[in-house]
Amino acid sequence: SSSSMTRFAIARRLHGTRHGASCLNLASRSRTWSSSARAAPESGYVQERLVSSTSLAEVLDLIHSGPDRWGRISLSTAWHRLGKFADRSRDKRGIKDAMRRLSDVHLAKGFEGYKPRNLGNIIWAWGKLQYRDGTVVQAGCKMVVDAPEKFAARDLSNIVYALALMRHKHWDLLASVGDHLPGRTAEFSPQGVSNMLYAWALLGYKRRPVLRALCDSALGTLADYKPQELSIVVYACGMLDFRHEDLIAEACQQTSRRLAELSEQNISNIVHGLGRLEFKCADTLRAVCSHSISRLPGFTAQGIANTAYGLGTLRFRDDEFVRALCQHIPSRVTEFTPQNLGNTAFAFGSMKFRVAGVVRCERDQRKTSSASRSVEREDRTCSDRVAKTFFKWNSRSNQQVF
């Protein structure tokens, strides 16, 4: 037929390109799709356009044309590109409309017949987009619950991570993946392990056999982990209150050796995680404090508070580092939230580092009104007090009682 000729003509024209194989595959398998034969050439064309898209505007234009006749692969790619480009755009209305159009297709046709990788890409995009349609999410997740063994380790990691980003606690899916995961941990990459641990932490899913299987698989391989992945492992274990002695000890060794590679956020996450786990590795903490003094300007207020909190929880005090904090914080104290200030005050108290007024400031924060103006007023008052306190300490540091 003429439509069949057109389909194969498109495939042949693309032969030799990076998209030629996928288009030829679409053409040869078009009879297996639930959509009509007439829609197949359009689906192949749309897929090519989606794959080659370089901006959100291109993706939105294609979705706006109507995805109801697209094939499964094109729908999956549309979601993936939408999730990929959404962070770079302020067109929230356009994104919302595109999600609605794609959702309508799934509500009408369901998710039967999707390949595991395609479904994994869709759920990954939902996480990036903070998708909230419960009916569609439930339907997609059910496909994973029924057959987790069909999904690659990477896809399972992305799916659970996406649920965490959505804060969607689909307990059946988590239980299904949790039952299936221990026998396949060797298939997970460092990114897969770290993402999975972080996802469990965000969801508050503390299933110890699963956590132990993941940590066991990472043991002896942390040297291969990127700085971000290494820090996430420690931070997530801390959030989960899961103390894998051997793995955390190895993480401490890697931290000491790779401080120059770690970002300020990586460092604060690791120290915070060690604090939550009450894992006091003095050599690593000493190295972290010494190394971090010159990098304090690169820490966020949250990072400074988390680092201080971790050290305070461990009751580990490095006087030189604390002095550096006292010199650094006053110029940035307005960046601190009430919780940041409270954590910093807690840290000084735990380290028996006497800074008059900080505890009083923490109490003020607890009395903060829920009204935004009251919060801002209390923040300013507390910030002024903390700034004066630190400046006062600096002016007579030689007389300070430790």
Side-chain angles (χ1 to χ4, degrees), residues 22 25-26 29 32-34 47 50-51 70-84 102-103 105-106 109-131 133-203 205 207 209-218 221 229 232-233 236:
S22 62
N25 187 46
L26 277 171
R29 295 179 58 191
T32 65
W33 295 100
S34 59
Q47 173 65 6
L50 288 168
V51 170
W70 293 0
R72 298 175 182 85
I73 294 179
S74 294
L75 289 168
S76 170
T77 306
W79 276 111
H80 184 272
R81 291 299 186 269
L82 203 58
K84 178 180 178 181
L102 293 173
S103 297
V105 177
H106 295 308
K109 299 182 179 180
F111 290 96
E112 293 292 338
Y114 278 80
K115 291 183 177 180
R117 171 55 58 87
N118 297 147
L119 186 57
N121 285 341
I122 291 173
I123 299 177
W124 172 85
W126 291 347
K128 296 286 287 184
L129 294 164
Q130 296 291 292
Y131 185 63
D133 190 315
T135 302
V136 176
V137 172
Q138 287 290 113
C141 288
K142 187 178 185 304
M143 303 298 293
V144 183
V145 173
D146 294 341
E149 70 281 356
K150 294 182 179 179
F151 291 79
R154 176 185 175 184
D155 296 325
L156 289 176
S157 174
N158 285 341
I159 288 168
V160 176
Y161 184 65
L163 292 181
L165 293 179
M166 291 186 284
R167 301 299 194 273
H168 184 86
K169 298 182 179 181
H170 193 293
W171 297 117
D172 288 343
L173 186 150
L174 297 177
S176 178
V177 172
D179 289 340
H180 177 71
L181 185 142
R184 295 184 58 188
T185 52
E187 301 175 33
F188 283 78
S189 66
Q191 183 180 13
V193 172
S194 60
N195 280 355
M196 188 71 85
L197 283 172
Y198 187 55
W200 296 132
L202 290 178
L203 293 168
Y205 190 73
R207 191 168 178 180
V210 178
L211 300 178
R212 178 162 294 283
L214 284 170
C215 289
D216 284 345
S217 71
T221 68
E229 295 161 353
I232 286 177
V233 167

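Computed from a prediction, not measured in an experiment: that's the story for all the values here.
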Gap separating the CD1 atom of Ile73 from the CZ atom of Arg117, nearest 0.5 angstrom
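Between atom CD1 of Ile73 and atom CZ of Arg117 there are 12.5 Å.
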In this structure, CG of Asn195 is separated from OH of Tyr198 (nearest 0.5 Å) by 10.0 Å
Quick check: does any side chain N or O of Ser76 sit under 3.5 Å from a backbone N or O of Arg72, one acting as donor and the other as acceptor?
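No, Ser76 side chain to Arg72 backbone: no donor-acceptor pair under 3.5 Å.
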Residue pair Arg81 / Val51: nearest heavy atoms and the distance that separates them
NH2-O, 3.3 Å
Please name the pair of heavy atoms, one in Leu181 and one in Phe188, separated by the smallest distance, quoted to 0.1 Å.
CD1-CZ, 3.9 Å
Scan the side chains in residues 136-153 for donor-acceptor partners under 3.5 Å anywhere in the protein, sequence neighbours excluded, and list what turns up.
residue: Gln138; atom: OE1; partner: His168; partner atom: NE2; Å: 3.2
residue: Lys142; atom: NZ; partner: Asp146; partner atom: OD2; Å: 3.0

Counting C-beta onward and ignoring hydrogens, is there a side-chain heavy-atom pair between [X] and [Y] closer than 4.5 Å?
X	Y	result
Leu173	Ile159	yes
Ser103	Trp79	yes
Trp126	Leu165	no
Lys84	Asn121	no
Lys169	Leu163	no

For Ser217, all residues meeting side-chain contact (heavy atoms from CB on, under 4.5 Å), sequence neighbours excluded:
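Per chain and number, Ser217 pairs via side-chain contact (heavy atoms from CB on, under 4.5 Å) with Thr185, Val193.
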So if I apply the ring pair (Phe, Tyr, Trp, His ring centres under 6.0 Å) rule between His106 and each of Trp70, Tyr131, Phe111, which one comes out positive?
Phe111
